[in-house]
Protein chains: 2
Amino acid sequence: MAKPVAMRGFARERVLEAALELFSDHGVSGTSLQMIADRLGVTKAAVYYQFHSKDDIALAVVKPVFDDIEHLLRIADTLPTTETRRSVTMGGMVELIIRHRRISSVFYGDPTVHHLLEGTDEFRVVGERLAGVLLGPDPDNATRVAISMFSAGVHGCVTDPMISELDDAELQEILLDLTKKFLEVCVPSC
Amino acid sequence: MAKPVAMRGFARERVLEAALELFSDHGVSGTSLQMIADRLGVTKAAVYYQFHSKDDIALAVVKPVFDDIEHLLRIADTLPTTETRRSVTMGGMVELIIRHRRISSVFYGDPTVHHLLEGTDEFRVVGERLAGVLLGPDPDNATRVAISMFSAGVHGCVTDPMISELDDAELQEILLDLTKKFLEVCVPSC
DNA sequence: GTCTATAAAGAGATAGAC
DNA sequence: GTCTATCTCTTTATAGAC
């Protein structure tokens, strides 16, 4: 007899939730399948039933973020000018990163995950499209640096312990304001 | 007969150099002593002769950065106002991070290293003093977020592959300019 | 100061019982 | 779908020869 639909896939979600917490505490390389299993009170074999490898888990954890980025890029594609595409994408990224506050910081800057994403066409392509929209056509060096600093800054800031007391709404308001000012002053072509 | 002074400690430096390259490619957790030994063409035991543990290597790699931060903070301590202390420290950090371009990015945001540094009084204290100078007395939330974004942004940007073609001098010029503008526009108390 | 050898623990992953 | 048990490889780290 099949399990009710409402129950199906719950174990998978629990693995992802536990993995996310551990990844963000210890990094992906610093997290073992044993640690994930222990946190769930199950054995490694039970985890392997849900995912074929540790890489699979890491990719499944980040997937929702890339899905949202892709959605944002589809919206940006409908906009008429380079400038509006860029500013809408930057604002959208801020909201998106805060929505996935725990996830995005885990993966931005983690070399292990970087290599994993580079080796996964689906994700690499999204990253390249995002960079294309943020940089615009023929970006000069100052623009490149400003965009890089913005991206790293937002990702890094949302999980900075110094900031952790701020709730999502408050953080988003401040970050959107900073983003607007930053864009006006620091990106030459705006 | 003792080894000539000019030779002493060279093996140690070679270990640190190899470790730095591997750490920046694979993260600290993703790098094993075997990988370090292999890159040097020696055995693990030879590495263990120079350092008692992997943590020791990681701490020795970051030490020069913290030495320079401490030097910068001593300079900042001599300045009269909160604002000059902050702007001089921010500019100094930009130069310092570029000077240690390969090192600093490895460690900023790496959870393994974060825990290691938190557990080492010498380094934790420097980090706290730095945060104190950058934040100033009684920082509001917007200042906290701006400073956090600045720190993460500079660290993340210097090793962004998108930026890697820029040489140190060019990158420093752009980053110092961005820092100045950012400080004027984004930090409320300035 | 660098080696071989090895211990002891933990990693990722699989097979097969229930 | 979850377990026990196990395999194989790698890890950190030490002991002792040279």
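Residue numbers start from 1 in every chain, and the chains themselves are labelled A, B, ... in the order their sequence lines are given, proteins ahead of strands.
- Note: CG (D38(A)) to P (dG12(C)) measures 12 Å, nearest angstrom.
- In plain terms, the two heavy atoms of A60(A) and F51(A) that are nearest each other are CB-CE2, 3.7 Å.
- Under the 4.5 Å side-chain criterion, counting only non-hydrogen atoms from C-beta, V106(A) is not in contact with V61(A).
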With a 3.5 Å cut-off and sequence neighbours excluded, list the donor-acceptor pairs that the side chains of residues 21-28 of chain B form with protein atoms.
unit_1	atom_1	unit_2	atom_2	d
E21(B)	OE1	R39(B)	NH1	2.5
S24(B)	OG	E21(B)	O	3.4
H26(B)	ND1	L22(B)	O	3.4

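- Summarising the geometry of L72(B) relative to T89(B), their closest heavy-atom pair is CD2-O, 3.6 Å, with the distance given to 0.1 Å.
- One can place CD1 of I36(A) at 17 Å from P of dG10(C), the figure rounded to the nearest angstrom.
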With the criterion being N/O to N/O and under 3.5 Å, what pairs connect the protein with nucleotides 3-10 of chain D, and how long is each?
unit_1	atom_1	unit_2	atom_2	d
dC3(D)	OP2	T43(A)	N	3.4

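- Ion pairing of D121(B) with R124(B) is present here, as a side-chain N (NZ or NE/NH1/NH2) and a carboxylate O approach within less than 4.0 Å.
- In this structure, the side chain of R86(A) engages the main chain of L135(A) through a donor-acceptor pair within 3.5 Å.
- Comment: R102(A) engages E17(A) in a salt bridge, judged by a side-chain N to carboxylate O separation of less than 4.0 angstrom.
- Taking atom CZ of residue F10(B) and atom P of nucleotide dT2(C), one finds them 13 Å apart after rounding to whole Å.
- Helix-axis bend for the helix from dG1(C)-dC18(D) to dC18(C)-dG1(D): the local axis fitted to the five terminal pairs at one end deviates from that at the other end by 0°, rounded to 10°.
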Show which side-chain atoms of residues 90-100 of chain A pair as donor or acceptor with protein atoms under 3.5 Å away, not counting sequence neighbours.
unit_1	atom_1	unit_2	atom_2	d
R99(A)	NE	D68(A)	OD2	3.3
R99(A)	NH2	D68(A)	OD2	3.1
H100(A)	NE2	D68(A)	OD2	2.9

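- Summarising the hydrophobic clusters (Ile, Leu, Val, Met, Phe, Trp, Tyr; side-chain heavy atoms under 4.5 Å, direct or chained), the residues clustered with V185(B) are V185(A).
- In the hydrophobic cluster analysis, where Ile, Leu, Val, Met, Phe, Trp and Tyr join through side-chain heavy atoms closer than 4.5 angstrom, I103(B) is grouped apart from Y108(B).
- For the segment residues 48-62 of chain A, the set of residues with a heavy atom within less than 4.0 Å of an atom of DNA chain D comprises Y49(A), Q50(A), in numerical order.
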